[in-house]
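What follows is a short report on a single structure.
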There are 2 protein chains.
Amino acid sequence: MSSMTINEVAAPRMKAADRRELILEAATAVFGAKTYVGTTTDEVARAAGVSQPYVVRLFGTKEKLFVAVIERAYARLIDEFRRALPGDREGRAKRMGTAYTDLLAERGMLPVIANSTALGGEPVIGRVARAGFSDIWRFIRDDAGFSLDEARVFIATGMLINTIVGLRLTGDYGNEVSATEVLDACFPDAVEHVRSLVPEAGEPW
Amino acid sequence: MSSMTINEVAAPRMKAADRRELILEAATAVFGAKTYVGTTTDEVARAAGVSQPYVVRLFGTKEKLFVAVIERAYARLIDEFRRALPGDREGRAKRMGTAYTDLLAERGMLPVIANSTALGGEPVIGRVARAGFSDIWRFIRDDAGFSLDEARVFIATGMLINTIVGLRLTGDYGNEVSATEVLDACFPDAVEHVRSLVPEAGEPW
DNA sequence: CTCTCAAGTAATCATTCGATAACAACCAAG
DNA sequence: CTTGGTTGTTATCGAATGATTACTTGAGAG
């Protein structure tokens, strides 16, 4: 039952640093689809095309692996936000919003960020998640120059997007009133784009 | 190691319906604190002061227990929203927002709702979570009479509150800039009230 | 009383999962 | 060409967990 979702062919003998990055990518997809506790290191390993013990050895523990995944995700997000800064000031929030939804194309990225916000009670992971959120907030305030209210609304909208994606409301668009209304209200001119990037309620992602 | 968190003394020989409700209350607290997958039926049982097999027998499976917990939480939320309807129309959104944060006092209620929004990919739970969200949205639109934009902003704000609570940002208030700013921006005149209701990063809740 | 059904427990099982250990194959430097 | 570090695997373990089974206890009806 070796699915090999990310890499069709296992690539033997890779430099450890590259292998780490490849595993992080696979782990982001799996953690994003099945939550932190719900994900097994074996699933991550098979998605990355390596053995389960090797994943553990490269990262130490499942917890440390997840911490690396979160840190990478928040860094990636800030990266994408930064690329959306240049241009007229009025369109900045919109460009950054688009940058956020475009991250949907990187499998698991948004779900991982969303899930991390529910783990503040975990001693280790919680600290990292708060730091990630704090980085985002400071970027929005200092680098993007958002006012307090702009920042609040922007982040709140992002959290609503997380909810829409996490609930897979996209699958009900057109069939169910609430889902249709929420999606229309959130993505006035990008509903189909978003819909094409979110998987159906059936598991894979 | 029997902690008996909810009920200090086990109440033997209760009518099954009452026992169910008592277990649901305990389960909400535990699921809210440790997520769905991260919670064991034994923890729920001990929090409710009964044996683990009894919990399983009363609800069939852990999944069905969680479904019952979610449905109860959404129903409870709508209940509280409904009680906030009467009064001047301008203050309605504010009253309903207060009703939401007041639910923090019922242990696990908000975290359970927040966590459910990340499980849309689960075949059974996902369906229930979407139905819960849909109920809330329709209540806000039809019963509360919110416009599309009002509804979107209101729900988005709720999701941001979920994030703040889930991340335990309340613990950083006063010590860290981002947490302080977010909390001030979200709860202009209720920061201390919210802070008093959210546990520290250390686990319990 | 006692009989019966509901309420509840102790014991136990089969899986699953993260982690560890021991070993194998590859490759570059001397 | 051989030696040593790096990259990886197979085998396996101990603990945890959801579920099942069989048993016990209490209370209310007749």
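The sequence lines fix the lettering, A, B, ..., with proteins before strands; numbering per chain opens at 1.
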dT7(D) base / R19(A) side chain donor-acceptor hit below 3.5 Å = no
Any donor-acceptor pair under 3.5 Å from R141(A) side chain to A151(A) backbone = no
Could you tell me whether D79(B) and R83(B) have a side-chain N and a carboxylate O separated by less than 4.0 Å?
-> no
R95(B) side chain to L85(B) main-chain N or O, any donor-acceptor pair under 3.5 Å?
-> yes
Confirm from the modelled atom types if R13(A) and dA25(C) form a donor-acceptor pair under 3.5 Å, side chain to base only.
-> yes
Figure out the NZ/P separation between K15(B) and dG28(D), and round it to whole Å.
-> 11 Å
Nearest-Å distance, CD1 (I23(B)) to C1' (dG8(C))?
-> 10 Å
How would you label the contact of T40(A) with the nucleic acid (heavy atoms, under 4.0 Å): base, sugar-phosphate, or nothing?
-> sugar-phosphate
Listed nucleotide nearest any side-chain atom of T61(A), set dG8(D), dA19(D), dA19(C) = dA19(C)
Regarding S116(B) and Y74(B), is there a side-chain donor-to-acceptor distance under 3.5 Å anywhere?
-> yes
Of L58(B) and K62(A), whose nearest nucleotide on DNA chain C comes first from the 5' end?
-> L58(B)
Just compare dT20(C), dG8(D), dA10(C) and give me whichever is closest to any side-chain atom of P53(B).
-> dA10(C)
Check whether the side chain of R57(B) and the base of dT20(D) form a donor-acceptor pair under 3.5 Å.
-> no
Rounded distance in Å - CZ (R20(B)) to C1' (dA6(C)) | 15 Å
Spacing between F31(B) atom CZ and dT17(D) atom P, to the nearest angstrom | 13 Å
L65(A) CG to dC17(C) P, straight-line distance once rounded to whole Å = 15 Å
In whole Å, what is the span from the NZ atom of K34(A) to the P atom of dG18(C)?
-> 11 Å
Please determine if a side-chain N or O atom of T41(A) lies less than 4.0 Å away from the OP1 or OP2 oxygen of dG18(C).
-> yes
Euclidean distance, atom CD of residue Q52(A) to atom P of dC13(D) [Å, nearest integer] | 15 Å
Rounded to whole Å, the NZ-C1' distance (K64(A) to dG18(C)) equals 14 Å
Side-chain donor-acceptor pair present, E176(B), S134(A), cut-off under 3.5 Å | yes
Under-4.0 Å side-chain N/O to phosphate OP1/OP2 contact, Y54(A) with dT9(D) = no
